[in-house]
Amino acid sequence: MIPAAYAVLNIDAAKHNLKQVRKFAPHAKIMAVIKANGYGHGLLRIAQALKPIDAFAVARVDEGIRLRKTGIKTPITVLEGFTCHDELNAFLEHQLDAVIHSYCQLEVLAERPEKNQLSIWLKMDTGMNRLGFKPADYKAVYERLQHYVIIKQPINLMTHLANADAKEDGDTPTQINLFTYTINSLQLSIPNQNKRSIANSAGILAWPSAITDWVRPGIMLYGISPFADNTGNQLNLKPIMSLHSRLIAVKQLSKGDKVGYAGTWTCPKDTTLGVIAIGYGDGYPRYAKAGTPVLVNGQRVPLIGRVSMDMITVDLGSQPNAKAGDPVTLWGEDLAVEEIALCADTIPYTLVCGITQRVQIVEKSAL
Ligand SMILES: *Cc1c(COP(=O)(O)O)cnc(C)c1O
């Protein structure tokens with residue numbers, strides 16, 4: 001029996017979305033970003049669904065080790081790199097590629113005697129001000145890395161865009177130009193051998209000049225738009241995840257009755273109330289506002305009252321015949337997760353990443 005709250009994953013959609021990446025970046029290699037448990041969809045499941053692929057990227061070394069332990073041989077880049085010798089040992093043992101972004105990492109690398117063991121991406125901070133070396137320091141770091149025996153040459157070069165989802169923004173061209181200009185000033189040991197990477201999903205979709213040797217799509221692989229003013233569907237992407245539950249109670253309330261914790265909703269008229277078995281304990285966003293759409297029997301009804309841990313309440317005025325047991329969709333193909341994110345003042349990334357253990361995962365092919 002499927003529990004009340006469950007997520008259906010349409011695994012075939014992953015391949016479709018990957019094709020879309022290839023359309024936008026036909027000459028680039030693809031590093032599929034599957035960090036944070038494959039954006040909540042399951043690390044190993046998504047890795048399997050996307051194979052064959054040029055490379056995977058994860059955030060942390062433990063995610064890379066998990067992939068290796070299931071026998072995945074594809075190159076894997078760990079975007080946060082390592083901080084100490086112990087962690088670096090795991091990179092060597094499991095053949096993981098590291099992002100080098102800090103002087104602290106250089107000190108670790110300088111002490112290692114192993115020869116030609118570690119492939120790296122040297123990260124430039126072109127304005128995100130998170131990880132990476134400033135353009136003014138980049139050349140010196142690049143040259144230092146030529147002398148560390150553990151590093152496999154040639155070194156790959158990358159940066160990350162801070163605001164690529166703002167399609168008219170001036171920061172993105174500035175970042176791209178700074179990256180290109182700085183790299184052109186390096187005396188590259190083997191010209192044209194150093195691979196470059198700039199674009200995340202928004203870069204791939206909106207900034208052709210960000211498409212270089214490698215692209216790093218994340219959210220678009222899951223069928224979700226990186227832009228606030230588009231759904232994945234409008235970009236010809238297919239959502240992998242849909243979130244479902246069911247009605248567990250229907251009751252009549254009178255004008256003036258208050259609904260839920262703190263009584264934030266007062267019925268403006270007599271109301272048919274539906275109670276649905278989903279809440280923030282499942283990953284449904286607690287800050288979803290009154291009016292957030294929910295599909296009951298495939299029809300939109302508005303959320304009313306506060307989201308609680310296990311339940312939400314909706315106004316069933318448009319569906320007088322709805323009854324306990326009826327199917328509910330919280331997001332998916334017919335109700336864009338992007339729309340729900342807007343209603344909850346968040347981004348769709350947090351919604352799919354935030355699905356909790358209680359939600360049963362059902363793969364569509366198994367239905
Ligand atoms: C998460 C991440 C990506 C993927 O970003 P999306 O917006 O999901 O496409 C790419 N590059 C880096 C460095 C990241 O951290």
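Below, each value reflects all heavy atoms present in this structure, side chains not excepted, and no hydrogens, waters or symmetry copies. First listed ligand is number 1; within each ligand, the first listed atom is number 1.
Annotation: side chain to side chain donor-acceptor pair (under 3.5 Å) contacts involving residues 66-79, sequence neighbours excluded, comprise Thr77-Trp121. Pairs of residues two or more places apart, or lying in two chains, that qualify as ring pair (Phe, Tyr, Trp, His ring centres under 6.0 Å) and include a residue from residues 48-101 are Phe82-Phe91. Screening residues 24-40 for side chain to side chain donor-acceptor pair (under 3.5 Å), with sequence neighbours left out, gives no hits.
For the side chain to side chain contact (heavy atoms under 4.5 Å, CB included) test with Ile120, the passing option among Ile150, Leu109, Ile100, Asn156 is Ile100; the others fail.
Counting only N and O atoms by type, the side chains of Thr272 and Gln252 include a donor and acceptor under 3.5 Å apart.
Salt bridge present: Arg358 and Asp310 bring a charged side-chain N and a carboxylate O closer than 4.0 Å.
Within 4.0 Å of ligand 1, protein heavy atoms belong to Val33, Lys35, Tyr39, Leu79, His160, Asn200, Ser201, Arg216, Pro217, Gly218, Ile219, Tyr349, listed by chain and number.
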